[in-house]
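Lettering of chains follows the sequences in order, A, B, ..., and the numbering in each one begins at 1. Computed from a predicted model, the values in this text were never measured in an experiment.
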Number of protein chains: 2
Amino acid sequence: METPGTSEPGGATVEPLSRGPLEKLLVYHLRRVQSAAFQHFAAYLNHRDITPGQLGLLVLIACNPGVSQSVLAREIKVERSTLGEFIDRFESRQLVERRQVATDRRIHAIHLSSKGRRFLDQVLPEVEAHEREFTGTLSAQDQRTLIRLLKRLAG
Amino acid sequence: METPGTSEPGGATVEPLSRGPLEKLLVYHLRRVQSAAFQHFAAYLNHRDITPGQLGLLVLIACNPGVSQSVLAREIKVERSTLGEFIDRFESRQLVERRQVATDRRIHAIHLSSKGRRFLDQVLPEVEAHEREFTGTLSAQDQRTLIRLLKRLAG
DNA sequence: TATTGTTATACTCTATAACTATA
DNA sequence: TATAGTTATAGAGTATAACAATA
């Protein structure tokens, strides 16, 4: 590649590594930050046994009581079978409930349980604390800019 | 949550869904964009059977010939056992080689094979095309800003 | 003792395909 | 026919723990 890493006589390569064309790739930086954010989140919410993806889904369920699995799957862009697995795991932890709907018996209406409610009430402040710490190096202005640009890319 | 989604009499919830406190969480937007980027990448490089993470690792190997598995693992922040699996898969596709190092017989020096070289030469332009399309809605200025902010967060 | 790498095990995330029940 | 959900299967990504070889 254009700028090879330092090589020693024996053929070993020393740190820091050269990143060549990766430096200019947005996807690369996106992946790194996402990975760093994930690990910071995991360390901070160690005792809660939840990932950023699971938390996002749980909040969607909390904000949209009775939503169906298909609607949730479309919202987070995964297959229905994948979404079903997430709900299975939440249900086995008794965080959410599947309820029958009288008007359409194909549908499972998903609701947060009271245990799920308490869980979220405890976890959300911790997530916000993690967020403040993780984004601490950016000014409030920069944080807003970053979210604005990310929204445009996701939209 | 503060702004529940629209509910119909039967208890069903209609799209679009309310996102409540997620809207302000950087981690949430990061995950969404990362997921969108991943899916765009996968669709664009459909025939290549490679993910953004694998591509990143392959470029690191290309740029740092002879690098050890431990150094690579530290660089991308995964466990040695995880990194070993990535190398296993690359090796079974004959994209990289593990070579012995005379000066330290514990180490496997990782090198791109000539097949790996050709693979990267074909794939990198496609990745850049994907990137241009994916980031097309952002101005050149916005793209630079975004990368700058992401770099600060990852560092 | 510390480091490099491998193996075994396990869990999450994810998709595809085939299926049942219902609309 | 089309939609909602489940099940079976499979593979990627990831970690932990225990291990062998080497430094």
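Contacts between residues 81-94 of chain A and DNA chain D, defined by a heavy-atom separation below 4.0 Å, involve A/Ser81, listed by number.
Rounded to an integer number of Å, the gap from B/Phe38 CZ to C/dA15 C1' is 11 Å. Taking atom CD on B/Gln54 and atom C1' on C/dT14, their separation rounds to 14 Å, with Å as the unit. Taking atom CG on B/Asp104 and atom P on C/dT3, their separation rounds to 12 Å, with Å as the unit. Atom CZ of B/Arg98 and atom P of C/dG5 are 9 Å apart (whole Å). The nearest whole Å value for the distance from the NE2 atom in B/His108 to the C1' atom in C/dG5 is 7 Å. One can place CD1 of A/Ile50 at 18 Å from P of C/dC11, the figure rounded to the nearest angstrom. Here D/dA4 presents its C1' atom at 13 Å from CD of A/Glu79, a figure rounded to the nearest Å. Summarising the geometry, the separation between CG on B/Asp49 and C1' on D/dA10 is reported as 14 Å, rounded to the nearest angstrom.
Checked against B/Phe119 for a side-chain contact (heavy atoms from CB on, under 4.5 Å), the options B/Leu55, B/Leu58, B/Leu124 give a single hit: B/Leu58.
Distance alone, capped at 3.5 Å, is enough to place a donor-acceptor pair between the B/His29 side chain and the B/Glu23 backbone. No donor-acceptor distance shorter than 3.5 angstrom exists from the side chain of B/Glu126 to the backbone of B/Tyr44, with no hydrogens or angles considered.
Within the 4.5 Å cutoff, the side chain of A/Gln143 has no heavy atoms near those of the A/Arg132 side chain.
Proximity of B/Gln69 to the phosphate of C/dT6: a side-chain N or O atom is located under 4.0 Å from OP1 or OP2. Phosphate proximity of C/dC13 to A/Thr51: present, with a side-chain N or O under 4.0 Å from OP1 or OP2.
A cation-pi contact, defined as under 6.0 Å to the ring centre and within 45° of the axis, is absent between A/Arg48 and A/Phe41.
Taking the nucleotide of DNA chain D with the nearest heavy atom to each of B/Arg80 and B/Arg106, the more 5' of the two is matched to B/Arg80. Closest-nucleotide positions on DNA chain C for A/Val78 and A/Arg105 were compared, and the one nearer the 5' end corresponds to A/Val78.
Residues that satisfy the side-chain contact (heavy atoms from CB on, under 4.5 Å) test with B/Arg98, not counting sequence neighbours, are B/Gln69, B/Ile87, B/Asp88, B/Glu91, B/His108, B/Ile110.
In terms of heavy-atom proximity, A/Ile76 sits nearest to A/Phe86 at CD1-CE1, 4.2 Å.
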